[in-house]
Asks: 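Before anything else, here's the structure in question.
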Amino acid sequence: MQFQNVVYFLVWAGLFFVMMRFGCGSHIMGHGHRHSGSHAHDRGSWTPPEGAVDPVCGMTVATATAKSAVNGSHIFYFCSQECREKFEVAPASYVGANDPPPKLHEEHRHGH
């Protein structure tokens with residue numbers, strides 16, 4: 001390999017590193033942009049509930065170890081990969097109008 005090729009590679013590798021560390025890819029590397037102030041819909045502020053009910057089989061599951069799927073703006077938790085696959089094939093048959101699942105972003109209500 002010629003010296004010119006090595007320098008060319010090192011320049012591009014350095015540029016890639018700088019962009020991933022400080023630029024557009026920084027959120028992937030865990031060095032996201034810092035914002036001052038409070039945002040009502042900050043994605044970092046949402047935490048899942050400790051437990052949820054599997055909409056397919058009705059089993060109560062711990063969300064930390066459950067399989068999950070997103071449908072619309074809701075997250076559903078499942079006891080197994082099989083239940084999640086059944087749900088993903090026909091989600092409308094498992095989602096009841098009377099029991100809405102937890103939303104991705106909780107709404108903040110001020111003054112209550």
Side-chain angles (χ1 to χ4, degrees):
M1 203 192 272
Q2 295 180 0
F3 180 72
Q4 182 181 2
N5 291 344
V6 172
V7 171
Y8 180 79
F9 172 75
L10 289 176
V11 167
W12 279 106
L15 180 64
F16 180 76
F17 172 78
V18 169
M19 288 302 294
M20 290 302 288
R21 178 66 173 95
F22 303 107
C24 299
S26 63
H27 65 279
I28 295 170
M29 300 294 287
H31 307 287
H33 302 285
R34 305 289 185 240
H35 297 284
S36 60
S38 176
H39 298 288
H41 296 287
D42 184 12
R43 291 180 185 212
S45 66
W46 183 83
T47 56
E50 289 184 21
V53 176
D54 183 325
V56 176
C57 68
M59 180 183 216
T60 301
V61 295
T63 59
T65 58
K67 306 292 182 199
S68 62
V70 177
N71 184 302
S73 64
H74 298 88
I75 299 176
F76 296 90
Y77 298 94
F78 305 93
C79 65
S80 66
Q81 181 69 26
E82 291 79 22
C83 281
R84 181 170 72 179
E85 289 173 357
K86 288 178 184 178
F87 177 84
E88 288 177 343
V89 169
S93 61
Y94 297 106
V95 178
N98 297 332
D99 50 357
K103 290 195 172 206
L104 284 175
H105 302 286
E106 294 177 348
E107 294 183 26
H108 297 279
R109 288 182 171 63
H110 298 281
H112 292 267

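As the structure is a computational prediction, the values presented were derived from the model and not from experiment. The basis for the numbers below is simple: all heavy atoms, side chains too, and nothing from hydrogens, waters or symmetry mates.
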Asks: Output the distance between atom CZ (Arg84) and atom OG (Ser68), rounded to the nearest 0.5 Å.
Replies: 6.5 Å
Asks: Under 3.5 Å, sequence neighbours excluded: what are the donor-acceptor pairs made by side chains of residues 49-59?
Replies:
from: Asp54; atom 1: OD1; to: Val56; atom 2: N; distance (Å): 2.8
from: Asp54; atom 1: OD1; to: Cys57; atom 2: N; distance (Å): 3.4
from: Asp54; atom 1: OD2; to: Cys79; atom 2: N; distance (Å): 2.8

Asks: Taking the side chain as every heavy atom from C-beta outward, state whether Lys86 and Tyr94 have any pair of such atoms under 4.5 Å apart.
Replies: yes
Asks: Given the rule that I, L, V, M, F, W and Y join up when any side-chain heavy atoms are under 4.5 Å apart, are Val89 and Val95 in one cluster?
Replies: no
Asks: How long is the gap from CG on Asn5 to CG on Leu10, to the nearest 0.5 Å?
Replies: 11.0 Å
Asks: Give, for atom CD of Glu88 and atom CD of Gln81, the distance between the pair rounded to the nearest 0.5 Å.
Replies: 7.5 Å
Asks: Where does the angle between the aromatic ring planes of Phe76 and His74 fall among parallel (under 30°), tilted (30 to 60°) and perpendicular (over 60°)?
Replies: tilted
Asks: Any idea which heavy atoms bring Ala90 and Ser93 closest together, and the distance?
Replies: O-OG, 2.8 Å
